[in-house]
Structures are given as structure tokens and as C-alpha cells.
Amino acid sequence: MVLPPFCDICSVCAVSDDELKALSAARLFLDEFRKAVDREKNAVKVIALPVMPPRIAKVNNRFRYRIIIKCKNSSEFRKIISDLLIEFGKSKTFGDVTIIADINPSSLV
């Protein structure tokens with residue numbers, strides 16, 4: 001893969017009042033994402049960077065952790081992200097963690 005504008009960037013952010021929960025949710029999301037991509041068998045090619053805090057890691061007493069994924073904005077990729085967001089939304093363990101996905105964000109701050 002090459003760099004934008006010839007590929008896409010997806011930013012996934014985990015936000016919570018509890019820093020450890022936000023970090024755990026982001027790490028689990030990344031692990032589940034990698035498993036889902038492996039199941040697709042070359043249908044989706046991505047490069048996922050490790051979980052990291054953004055430049056501004058705490059806003060309004062809520063901690064944020066981010067995953068940056070270099071991808072092709074295809075229906076298969078969007079389905080994987082959508083399924084994971086739904087799965088995390090139903091999770092009782094991470095009920096107080098908000099997960100947000102943004103494809104081609106205007107800023108990565």
C-alpha cells in the first residue's frame with residue numbers, strides 16, 4: 001500500500017473516565033480487528049499501528065487511546081469495523097467505554 005491520497009486512514013478512538021479501561025478496550029479492539037482481518041484471507045489489506053494516546057490524551061476528565069489503521073475504504077473493511085463497533089457496544093465489560101471510528105479524519109490530533 002502507498003500513502004494517502006492513494007489509500008485511506010481509519011482512526012479508532014477509545015474514550016473513558018477510567019484510563020485503564022480505555023487502554024484495555026483499545027487493545028482488545030485491535031486484537032479482535034487483527035483476527036477479523038486474518039479471517040478475511042487477503043480480502044482486506046491493512047497496516048494497523050499499535051495503541052497509543054493522542055497528542056491530547058485527556059479531555060474533560062476522559063482518557064483517550066487511539067489506533068491508526070492504513071487501509072482501503074472498501075465494503076469489507078467497513079463491515080469489519082461496523083461488526084466490531086456493534087460487538088463492543090453490547091459488551092458489559094466495556095459499557096462505559098465509547099469507541100469511535102473515523103475514516104479519513106480531517107485531523108489526527
Side-chain angles (χ1 to χ4, degrees):
M1 268 195 283
V2 292
L3 297 172
F6 304 105
C7 74
D8 298 294
I9 299 288
C10 178
S11 172
V12 178
C13 192
V15 183
S16 177
D17 294 335
D18 182 359
E19 183 176 13
L20 291 178
K21 272 200 170 184
L23 179 58
S24 298
R27 286 181 176 160
L28 182 61
F29 188 95
L30 181 59
D31 291 341
E32 294 298 319
F33 173 76
R34 287 183 172 152
K35 289 176 190 174
V37 167
D38 288 343
R39 284 191 297 266
E40 289 295 319
K41 303 216 190 277
N42 296 326
V44 178
K45 294 182 181 179
V46 299
I47 297 173
L49 297 178
V51 175
M52 65 186 116
R55 284 187 192 166
I56 303 169
K58 187 176 179 185
V59 176
N60 292 332
N61 291 323
R62 293 179 56 90
F63 295 92
R64 304 180 312 152
Y65 280 91
R66 181 173 57 198
I67 304 162
I68 296 176
I69 304 167
K70 190 168 144 181
C71 61
K72 178 76 173 144
N73 187 5
S74 63
S75 60
E76 293 89 1
F77 176 78
R78 288 191 308 270
K79 172 114 174 75
I80 290 171
I81 294 292
S82 175
D83 290 346
L84 287 172
L85 289 174
I86 291 168
E87 180 182 325
F88 270 79
K90 294 178 182 175
S91 170
K92 295 195 188 308
T93 307
F94 298 113
D96 58 342
V97 178
T98 304
I99 305 264
I100 304 159
D102 187 7
I103 297 178
N104 293 323
S106 58
S107 173
L108 288 175
V109 175

For Phe29, check ring-ring contact (aromatic ring centres under 6.0 Å, His included) against everything at least two apart and list the hits.
Phe88
With rounding to the nearest 0.5 angstrom, report the CD1 to SG distance, Ile81 to Cys71.
7.5 Å
State, with a plain yes or no, whether a side-chain heavy atom of Val12 is found less than 4.5 Å away from one of Phe33.
no
From Ile69 atom CD1 to Leu49 atom CG, the distance as rounded to the nearest 0.5 Å:
9.0 Å
Under the side-chain hydrogen bond (donor to acceptor under 3.5 Å, both in side chains) test, residues paired with Asn104 that sit two or more places apart:
Asp8
List in chain and number order the residues that pass side chain to side chain contact (heavy atoms under 4.5 Å, CB included) with Thr93, two or more places apart in sequence or in another chain; answer none if no residue qualifies.
Ser91
Residue set satisfying salt bridge (charged side-chain N to carboxylate O under 4.0 Å, His left out) with Arg34, at least two apart, ordered chain then number -> none
To the nearest 0.5 angstrom, please state how far the CD1 atom of Ile99 sits from the CD1 atom of Ile67.
7.0 Å
Using a 4.5 Å cut-off between side-chain heavy atoms of Ile, Leu, Val, Met, Phe, Trp and Tyr, which other residues end up in the same hydrophobic cluster as Val15?
Ile100
With Tyr65 as partner, the option from Cys13, Pro53, Ser24 fulfilling side-chain contact (heavy atoms from CB on, under 4.5 Å) is Pro53
Same apolar cluster (I L V M F W Y, side chains within < 4.5 Å links), Met52/Ile9:
yes
What pairs with Asp17 under salt bridge (charged side-chain N to carboxylate O under 4.0 Å, His left out), at least two apart in sequence or on another chain?
Arg62
Between Val97 and Phe63, is there a shared hydrophobic cluster once you connect ILVMFWY residues whose side-chain heavy atoms come closer than 4.5 Å?
no
Can you find a heavy atom in the side chain of Phe94 that is under 4.5 Å from one in the side chain of Ser16?
no
All pairs passing salt bridge (Lys or Arg N to Asp or Glu O under 4.0 Å) where residues 76-89 contributes a residue, at least two apart:
Lys79-Asp83
Can you sort out the partners of Lys35 under salt bridge (charged side-chain N to carboxylate O under 4.0 Å, His left out), two or more places apart, ordered by chain and number?
Glu32
How would you list all residue pairs meeting salt bridge (Lys or Arg N to Asp or Glu O under 4.0 Å) that involve residues 18-27, not counting sequence neighbours?
Lys21-Asp96
